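Heads up, the thing below is written out as structure tokens.
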Amino acid sequence: MESYHIRGGNRICGEYSVKGSKNAALPILAAALLCDGECEITNAPQISDVDSMKTMLKELGCGITAKSGTLIIDSKHITADTISLERMKEMRSSVFLMGALLGRCGSAVLSQPGGCNIGSRPIDLHLHALRRLGVEICERDNLVICRGRRLKGANINFAFPSVGATENAMMAATAAEGQTVLSNCAREPEIYALQDFLNACGADISGAGSDIIHINGGRPLHGASHKIIPDRIECGTYLVAAAATGGEILVHHAESGHLASILQKLKETGCTVRQESDRIYVKACGRLKALDRLITGPYPRFPTDMQSPFIAMLALAEGESFIEETIFENRFNFTSELIEMGADITIKGNTAIVKGVQKLNGSVVKATDLRGGAALTLAGLMAEGTTIIQNIEHIERGYENFPEALQSLGADIRKNDER
Ligand code: EPZ
């Protein structure tokens, strides 16, 4: 099993170029299935979740060539409509393929994606949207069997602004005759990126980024070129790494408008934060201050994906921080490992109370999910002594060359193969 070995105490200082967004790339790669042609996707992050999506697209009949962050996807001949249980377990974001397969082939068969370590992750909102478009869905034997050869535009209101359900509905609606209106939909930048890509392929979508999206469906889609937007969560993670270790960092190729809520909270901890064009500069100025209130919520509110790195950072802040998680019911699970390292954290319902301590101690800890694992890595950088992070496959799903990048910024970290 591979692990990270970290000797803590070094400051994160230097410059970093943000990679392409995992959460933009995954739905866009799935959406390439809708096109009867070739798509060129550039600036795709080189992470295992993208590798998993590439494997699934190949199993569905796509031809794929990849050269570093550029992917050419030829989806002229789709030969299957089924996503296996193995693939669904490998990556639950395979659920995005449902809308794309229905839009392209009129059918899709997936295993129930099931939950993960951060929550039960139901897909009822996805299925509600697809049924509104005329998809017949049968759920049995742990399978979701979808049939919908003649989709019709519809008005679809989401009970919760689900990112994935919004994206699945957008993809399927491109093939639904007539007008579809999505309301109370997610407003994340990755939704806008998907609209950009689909319109480049000949779709007629407007409103992404607001809570109402209009799709004029029924037109065949062709191939297109698209550059993946910067990853706002990867960017935020490196900014927090510098803040948490008393360092300073200049991040390039960032889209600072996507990080407004994150930068605001970093300022409240006492960091110097400057942004200009595609660069963001953060410098820690002495011991960080605690945050009276940090509440996660749908974009543009503070992103749930940054909750774990912030809790790690606040473990050494001066004072008591209150962090409320409103999106995933189990996203504090990594804190038990942080407590092992000496953090003072109390969980009350969906609020974590973090009392800043003087130091964290290196320990052997296990990553249980992507962002929790990144948070434990930051804690290892902050701690005295050596920390070993196990189960790093969770982390490498979403961070490209994570240990190498941290090393280049001054961290004493290496990847070990502990057989
Ligand atoms: C996307 O997940 C992201 N993943 C997540 O990032 C991110 O945390 C999440 O959006 C929220 O921003 C990708 O884009 C690949 P949701 P998604 O549907 O689409 C409930 C990371 O670390 N819900 O917006 O699955 C759900 O249980 C990952 O990069 C239903 O109840 O999130 C959750 O409580 C983690 N029924 C809430 O909505 C549904 O049908 C938000 O989920 C769908 C969702």
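The shown structure was predicted, so the numbers you read here are calculated from the model rather than taken from an experiment. These values consider heavy atoms only, across backbone and side chains, with no hydrogens, waters or symmetry-generated copies. For ligands, and for the atoms within them, numbers begin at 1 and follow the listed sequence. Along the sequence shown, the residues carry numbers beginning at 1.
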Residue pair Glu190, Arg232: steps toward the salt bridge (charged side-chain N to carboxylate O under 4.0 Å, His left out) verdict: CA-CA 10 Å; Glu190 294 77 32; Arg232 59 194 169 98; 2.9 Å; yes
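Here the side chain of Asn10 pairs a donor or acceptor atom with the backbone of Gly410 at under 3.5 angstrom. Without hydrogens or angle criteria, Gln407 side chain to Ile413 main chain gives a donor-acceptor distance under 3.5 Å.
Partner of Tyr399 under the side-chain contact (heavy atoms from CB on, under 4.5 Å) criterion, chosen from Ile47, Thr377, Thr237: Thr237.
A salt bridge links Asp49 with Arg397: the distance from a Lys NZ or Arg NE/NH1/NH2 to an Asp or Glu carboxylate oxygen falls below 4.0 Å.
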Could you list, one pair per line, each nitrogen or oxygen of ligand 1 together with any protein nitrogen or oxygen closer than 3.5 Å, giving atom names and the distance rounded to 0.1 Å?
| from | atom 1 | to | atom 2 | distance (Å) |
| --- | --- | --- | --- | --- |
| ligand 1 | 6 (O) | Asn23 | ND2 | 3.3 |
| ligand 1 | 6 (O) | Asp305 | OD2 | 3.1 |
| ligand 1 | 8 (O) | Asp305 | OD1 | 2.6 |
| ligand 1 | 8 (O) | Asp305 | OD2 | 3.4 |
| ligand 1 | 18 (O) | Ser162 | OG | 2.7 |
| ligand 1 | 19 (O) | Gly164 | N | 2.8 |
| ligand 1 | 22 (O) | Arg331 | NH2 | 3.2 |
| ligand 1 | 22 (O) | Arg371 | NE | 2.9 |
| ligand 1 | 24 (O) | Val163 | N | 2.8 |
| ligand 1 | 25 (O) | Arg121 | NH2 | 3.0 |
| ligand 1 | 29 (O) | Lys22 | NZ | 2.9 |
| ligand 1 | 29 (O) | Asn23 | ND2 | 3.1 |
| ligand 1 | 29 (O) | Arg371 | NH2 | 2.8 |
| ligand 1 | 34 (O) | Ile327 | O | 2.5 |
| ligand 1 | 36 (N) | Pro122 | O | 3.4 |
| ligand 1 | 36 (N) | Asp124 | OD1 | 2.7 |
| ligand 1 | 40 (O) | Pro122 | O | 3.3 |
| ligand 1 | 40 (O) | Asp124 | N | 3.1 |
| ligand 1 | 40 (O) | Asp124 | OD1 | 3.4 |
| ligand 1 | 40 (O) | Leu125 | N | 2.7 |

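Under the 3.5 Å distance criterion, with hydrogens and angles disregarded, no donor-acceptor pair is assigned to the side chains of Gln307 and Thr296.
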